[in-house]
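In this text the structure is predicted, and so the values were computed from the model without any measurement. Each residue takes its place number in the sequence, starting with 1.
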Amino acid sequence: MTEGTTSAAAEGADTLTRLEQEGEIAADYLEGLLDIADLDGDIDMDVEADRASVSIISDTGSRDLQKLVGRDGEVLEALQELTRLAVHRETGDRSRLMLDIAGYRAQKRAELSELGAKAAAEVKSSGEPLRLKPMSPFERKVVHDAVKAAGLRSESEGEEPQRFVVVLPA
């Protein structure tokens, strides 16, 4: 192994360790919140696409966790930000942690990927740019990825909370 390869491997291991630490801090914080709210849920931690990923799931299929998702994921977004702040307080580093509750984000990701693919197909056939409705940063990222996978490009325009994706012809 060359020195550069060894250094890159060590850096990758350091990043993985840091992301796993973020997940553990987030899990502890979320466990405390679940206890305070008297809600049942299991915490699942992972590292996906260079960010810590934490999910709260329920074995019973209980609708209690839906309270933590809220209307259109608003409560979920707020809890994600609070969890990121808890991680920041412990580590001193900004966190890009993703939180999912009761599979809400996973389902939303699938719907948005389909929306991005359909929008790309429409732009390919019409040759005209297509503006989508305003979306959260998470939603826009998923759509951008789906458009890119379809071989087109996209841009975000506007100001929060009215920021939206424009799918552009090739």
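Taking each heavy atom of Val166 and Pro129 in turn, the nearest pair found is CG1-CB, 4.1 Å. Taking both residues in full, the closest heavy atoms of Ala120 and Val167 are given as CA-CG1, 4.2 Å, listed atom of the first, atom of the second, then distance. Contact detail for Gly127 and Pro169: the closest heavy-atom pair is O-CG, 3.4 Å. The two atoms that bring Glu122 and Ser125 nearest to each other are O-OG, 3.0 Å, heavy atoms only. The two residues Arg140 and Met135 have their closest heavy-atom pair at NH1-O, 2.7 Å. Leu130 and Ala119 make their closest contact through CD2-CB, 3.7 Å (heavy atoms, listed as atom of the first residue, atom of the second, distance).
Hydrophobic clustering, defined by side-chain heavy atoms of Ile, Leu, Val, Met, Phe, Trp and Tyr closer than 4.5 Å, groups Val87 together with Ile25.
Criterion: ILVMFWY side-chain heavy atoms under 4.5 Å apart, direct or through other members. Under it, Met45 and Ile57 are not part of a common hydrophobic cluster. A continuous path of Ile, Leu, Val, Met, Phe, Trp and Tyr side chains, each step under 4.5 Å between heavy atoms, connects Val69 with Leu82, placing both in one hydrophobic cluster. Residues Ile101 and Phe138 do not share a hydrophobic cluster, clusters being chains of Ile/Leu/Val/Met/Phe/Trp/Tyr side chains in contact below 4.5 Å. A chain of hydrophobic side-chain contacts below 4.5 Å, direct or via other Ile, Leu, Val, Met, Phe, Trp or Tyr residues, connects Val123 to Val165.
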Donor-acceptor list for residues 46-54 side chains, cut-off 3.5 Å, not counting sequence neighbours:
unit_1: Arg51; atom_1: NE; unit_2: Arg96; atom_2: O; d: 3.4

Residues 141-153 side chain polar contacts: donor-acceptor under 3.5 Å, at least two apart:
unit_1: Lys141; atom_1: NZ; unit_2: Asp145; atom_2: OD1; d: 2.9
unit_1: Lys141; atom_1: NZ; unit_2: Asp145; atom_2: OD2; d: 2.9
unit_1: His144; atom_1: ND1; unit_2: Ser154; atom_2: OG; d: 2.5
unit_1: His144; atom_1: NE2; unit_2: Ser156; atom_2: OG; d: 2.8
unit_1: Arg153; atom_1: NH1; unit_2: Glu155; atom_2: OE2; d: 3.4

Hey, can you pull the donor-acceptor pairs under 3.5 Å for the side chains in residues 28-36, sequence neighbours left out?
none

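Within a 6.0 Å sphere centred on CD of Glu160, other residues, nucleotides and ligands contribute more than 12 heavy atoms.
Rounding to the nearest 0.5 Å gives a distance of 14.5 Å between OG1 of Thr83 and NE2 of His88. To the nearest 0.5 Å, atom CD of residue Gln107 and atom CG of residue Leu112 are 10.5 Å apart. From Thr15, atom OG1 reaches atom CD of Glu20 across 11.0 Å, with rounding to the nearest 0.5 Å.
Considering Glu22, Glu81, Glu90, Gln80 in turn, Glu22 is the only one that fulfils the side chain to side chain donor-acceptor pair (under 3.5 Å) rule with Ser95.
By the side chain to side chain contact (heavy atoms under 4.5 Å, CB included) test, Asp72 is found to be paired with no residue, residues two or more places apart in sequence or in another chain being considered. Qualifying side-chain hydrogen bond (donor to acceptor under 3.5 Å, both in side chains) partners for Gln162, counting only residues two or more places apart in sequence or in other chains: none.
Arg84 is listed as a side-chain neighbour of Met98, based on a closest heavy-atom distance under 4.5 Å. In this structure the side chain of Glu139 never reaches within 4.5 angstrom of the side chain of Leu132, judged on heavy atoms. Contact annotation: the side chain of Gln66 never approaches that of Tyr104 to less than 4.5 Å [non-hydrogen atoms, C-beta and beyond]. With contacts defined as side-chain heavy-atom distances shorter than 4.5 Å, the pair Phe164/Glu157 qualifies.
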| field | Ile56 and Ile43: CA distance, side-chain angles, deciding distance, side-chain contact (heavy atoms from CB on, under 4.5 Å) verdict | value | CA-CA 5 Å; Ile56 301 175; Ile43 308 287; 3.7 Å; yes
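Put simply, the side chain of Arg105 gets close to the backbone of Leu99: a donor and an acceptor are under 3.5 Å apart.
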